[in-house]
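Contents: one structure, followed by commentary.
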Amino acid sequence: MSFPWAKHYEPKSDFMKWVDSRLPIPRFVYSAVGGGYPVPRNLNYFWNFGFMAGLALMIQIITGIVLAMHYDPSSAGAFLSVEHIMRDVNAGWFLRYAHANGASFFFIIIYLHIFRGLYYGSYKAPREVIWLIGVLIFLLMMATAFMGYALVWGQMSFWGARVITGFFSAIPFVGEPLRVWLLGGYAPDDATVNRFFALHYLLPFAILGVVILHIWALHIPGSSNPTGIEVKEEQDTVPFHPYYTAKDGFTVVLYLLIFAVVVFFLPNIMGDPDNYIAANPMSTPAHIAPEWYFCPFYAILRAFTFNFLWIDAKLWGVIAMFASIILLFFLPWMDASPVRSSGYRPLYKKFFWALVVDVIVLGVIGKLPPNQPFILIGQFAAIYYFAHFLIILPIVSRIEKPLPLPNSITEAVLAKHSSTSTLSGDLAAQPAE
Amino acid sequence: MAEITTDMHGDDAFEDGVRRRDFIHVATLSFAGVGTVAAVAPLLVQMAPSADVLAQSSTEVDLSPIQPGQAIKVMWRKQPVFVRNLTPTEIAAVDAVPLSSLRDPQTLAQRTKPGKSNWLITMGVCTHLGCVPLGAGPGEDRGPYEGYFCPCHGSAYDPAGRIRKGPAPKNLEVPDYKFSTDKIVQIG
Amino acid sequence: MRTLAPLVVGAGFIMALLFAIFASVFTPGFSLTPDPTAVSLFHKAPRHFEYSFEGPFGKYDHQQLQRGFQVYKEVCSNCHSLKLVTFADLKQIGYNEAEVKAIAKGWQIKQPTISNKDGSPTTRDNIPSDNFPLRYANDTEARSQNNGAVPPDLSLITKAREDGSNYVPSLVTGYTDFPAAQAAQFPDTRPDNNHYYNPYFSALNIAMPPPLKVDGLVSYKDGTVATREQMATDVGAFLTWAAEPKLEQRHHVGIASVIYLFIFAVLAYMSYRTIWGDKKH
């Protein structure tokens, strides 16, 4: 598709020829994830998270469909039906724990995938659309995860639904009617849990569709790589199959291994005990916090504690929280540096790691109760978050002097290996590792 | 270029090496296959009846209010069970039918408990496609054989619940039950 | 212009945040270390109890669960329901069919049903497929009989509290006198007549009277000495089972899965390295 040396599918049997001339799915697969897709040879393990995310999505869809066969979307029945799944349904405990922890694992993978993109400048031309679609997937995931968490109808589900739909009430004039419209009532109830169930079932398929666009867009320029320089010749690439199918296969098993340890031995480690109490509209838990994957954004929401100019604190928080994600859409145009990889951007690299620490700090603050000094720490962390993307990145990308780039991917690979063995040793035949 | 030479060398030489490589791939793919099958298992078993459904498998019926000639419907496993108190006339009539004329030959004695041949307990589920036949409720059409009559596709049963006419292949099924006392029956 | 836009937007958010920081810092009474509360000073994390079900190879001790069930039945069930558990579930902790039937039939609270004759509400004996019946018909009845407090259902209590398997026995044995230090610092937090001081309870003052006041409150059939500590641990184990009845299956399947995936990972790694061979990357 992308490079002139990409191999073309050749049907091996008469039957496959027959199929290929009528519905060329094998040809499509071959050039999408087979030998017909040349991929840079120097990808490191950070390039395996895309494939893992695909697996995580499939795990969620498959376990979700079977859980839906036992779930009761009503305010009286939801919590009980989840416990029915945990106690009575054959293998129900496994399916439910896999689905609940699968959501967390999906986000872990996606965050690593996003930060890989940020570090290696994967969002830059010609891959802007891949990035935009990626941010859209992230937003859809957040909506899906939020509604899915609400379906358990425990205390955290209920108050999470209440608080998050409360964001919309910050919008001037239409806010409160909009909130009531979203809930189908004045507070979360039957109508809410029913529509959340319908949408929670629908959205993953929307995500799947957008993921296909994400991969399609990826196949036009081809994968980026840790050096950030473009592929120049056939030597720079290897066919996706078998090289990256084997590598992705290995990392996927590793992912499943860690996933299994959590599902079977620590299934509630990422959950909140309060969600094992059935929803009670008359009493809010002493301390509510979202699931960990929302915490950085929740911390940004809470950082705005005073009215400023003509906007009140509540609206500032909501705008800032949405802005903190929406700004990612503009990233390809805010970063003016011609160099993609932070490996060759010594100054930006420091700020990148500061951002990683900052997001972790925000995440921790989002989980902690809103007391001093956590409020103040959260406010400084939120300042850095906005400063990083909206001020530091645009300026640094214009003033920074990048390190010299290698001439080609192959040269970079050989240079890396010659630091441990001599180049002449590399040329000599060596048995397989 | 140097790279390509190295690769070719690796592929061509060492016959043993090639075989060992194949073995590793076969082992890995077999593991993947076994794992996939194992992962499909919970997706299938979750559809089988859950523990609470299996636990509700018995129900008790008090026979004392059922007069001769009458029948009642009770629920067992979310399905109707017909409990019918046959009159001596009905018993005599069904016993007179020659077994050879029946589609599913069974005597009334085979379908009731010893000494309790007036208590006919059958599933209220037509053996054709599962509708509930008429005839257990007061005033319902008992059909041409004075037993039960399924309105869906016209299967007619006699008072012993045996199929006599219509598309149903079998007699009304007799569930497992036992008399806990003279007048109390435990079904299931 | 396009270059300036992010700077302007960024400056807006940062100024709002800086304003919030200044406004809060210069608010009278601002302190980086908020004043301690009675809870922040006197609340205790649960003590640790030794349980057989801990760790990846953990299993329930059926003898202990049966003792715990006895404590639940003779003590806790006077106020607390266990509505998600069925009598038939007790077979999982070693009771046989006949024992389960007897337990269900002899259960003090009867199962609500309707009369076959006229449809009016009535009750019947419990049968094994029944869930444990509710102690109170509704929260209002519960409140009216317990000084305004609702005794929570215990089916999920060990999962609904942080470190629940340790929390339950810590709580039921944790009643103390109102500490003098707290009395000096927070005289307002002294428990009223309807509350009892318990440092393991999130609010310190709990409406539940000490349930295991003395040793020997129950007499165990297996001869174990029913000290308060013993009864508390046993009921903690029983309620852990009630909240997580599939723990043993989970551990079994988990160990098999992890061993399988570990070998699979090694094979997949070898496959990957073999395919890449000496291809430098």
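Lettering of chains follows the sequences in order, A, B, ..., and the numbering in each one begins at 1.
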Which region of [X], side chain (C-beta onward) or backbone (N, CA, C, O), has a non-hydrogen atom less than 4.5 Å from a non-hydrogen atom of chain C, or is it both or neither?
{"X": "Phe79(A)", "value": "side chain"}
{"X": "Tyr97(A)", "value": "side chain"}
{"X": "Gln379(A)", "value": "both"}
{"X": "Phe94(A)", "value": "neither"}

Rounded to the nearest 0.5 Å, how far does [atom2] of [Y] lie from [atom1] of [X]?
{"X": "Ser257(C)", "Y": "Phe265(A)", "atom1": "OG", "atom2": "CZ", "result": "8.0 Å"}
{"X": "Lys246(C)", "Y": "Arg87(A)", "atom1": "NZ", "atom2": "CZ", "result": "9.5 Å"}
{"X": "Tyr384(A)", "Y": "Ile14(C)", "atom1": "OH", "atom2": "CD1", "result": "10.5 Å"}
{"X": "Phe13(C)", "Y": "Phe386(A)", "atom1": "CZ", "atom2": "CZ", "result": "5.0 Å"}
{"X": "Leu17(C)", "Y": "Phe306(A)", "atom1": "CG", "atom2": "CZ", "result": "12.5 Å"}
{"X": "Asp274(A)", "Y": "Arg161(C)", "atom1": "CG", "atom2": "CZ", "result": "7.5 Å"}

Taking all atoms of both residues into account, what is the closest heavy-atom pair of [X] and [Y], and its distance?
{"X": "Ala246(A)", "Y": "Ile275(C)", "answer": "CB-CD1, 3.6 Å"}
{"X": "Phe304(A)", "Y": "Ala16(C)", "answer": "CE2-CB, 3.7 Å"}
{"X": "Asn371(A)", "Y": "Pro34(C)", "answer": "CB-CG, 4.4 Å"}
{"X": "Val253(A)", "Y": "Ala268(C)", "answer": "CG2-CB, 4.3 Å"}
{"X": "Ile391(A)", "Y": "Gly10(C)", "answer": "CD1-C, 4.2 Å"}
{"X": "Val263(A)", "Y": "Arg250(C)", "answer": "O-CD, 4.0 Å"}

Considering only heavy atoms, which portion of [X] lies under 4.5 Å from any heavy atom of chain A: side chain, backbone, both, or neither?
{"X": "Phe19(C)", "value": "side chain"}
{"X": "Ser24(C)", "value": "both"}
{"X": "Val25(C)", "value": "side chain"}
{"X": "Ala242(C)", "value": "backbone"}
{"X": "Phe30(C)", "value": "side chain"}
{"X": "Pro56(C)", "value": "both"}
{"X": "Ser155(C)", "value": "both"}
{"X": "Ser40(C)", "value": "neither"}
{"X": "Ile255(C)", "value": "both"}

So which residue, [options], ends up with the most heavy-atom pairs under 4.5 Å with chain C?
{"options": "Ala260(A), Gly92(A), Ala387(A), Pro267(A)", "result": "Pro267(A)"}
{"options": "Ile277(A), Leu393(A), Ile395(A)", "result": "Ile277(A)"}
{"options": "Leu376(A), Leu254(A), Asn42(A), Leu43(A)", "result": "Leu376(A)"}
{"options": "Gly271(A), Ala313(A), Gly249(A), Pro242(A)", "result": "Pro242(A)"}
{"options": "Pro373(A), Pro394(A), Ala286(A), Ala336(A)", "result": "Pro373(A)"}

Between chain A and each of Pro152(C), Ala23(C), Gly55(C), count heavy-atom pairs under 4.5 Å; write down the option with the most.
Ala23(C)
Parallel, tilted or perpendicular: which fits the ring planes of Tyr244(A) and Trp276(C), with parallel below 30° and perpendicular above 60°?
perpendicular
Looking at Tyr45(A), I want to see if its OH is surrounded by more than 12 non-hydrogen atoms of other residues, nucleotides or ligands under 6.0 Å.
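Atom OH in Tyr45(A) is crowded, with more than 12 foreign heavy atoms closer than 6.0 Å.
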Hey, is CZ on Phe329(A) packed in by over 12 heavy atoms from elsewhere, all under 6.0 Å?
yes
Stepwise side-chain contact (heavy atoms from CB on, under 4.5 Å) check, Ile21(C) with Ile383(A):
CA-CA 10 Å; Ile21(C) 291 171; Ile383(A) 287 179; 3.7 Å; yes
Apply the test side-chain contact (heavy atoms from CB on, under 4.5 Å) to residues Leu80(A) and Leu84(C): give CA-CA distance (whole Å), side-chain angles for both, the deciding distance (0.1 Å), then the verdict.
CA-CA 8 Å; Leu80(A) 292 176; Leu84(C) 299 176; 3.5 Å; yes
For a side-chain contact (heavy atoms from CB on, under 4.5 Å) check, start with the C-alpha distance between Leu7(C) and Leu390(A), then their side-chain angles and the critical distance, and finish with the verdict.
CA-CA 6 Å; Leu7(C) 303 183; Leu390(A) 297 170; over 6 Å; no
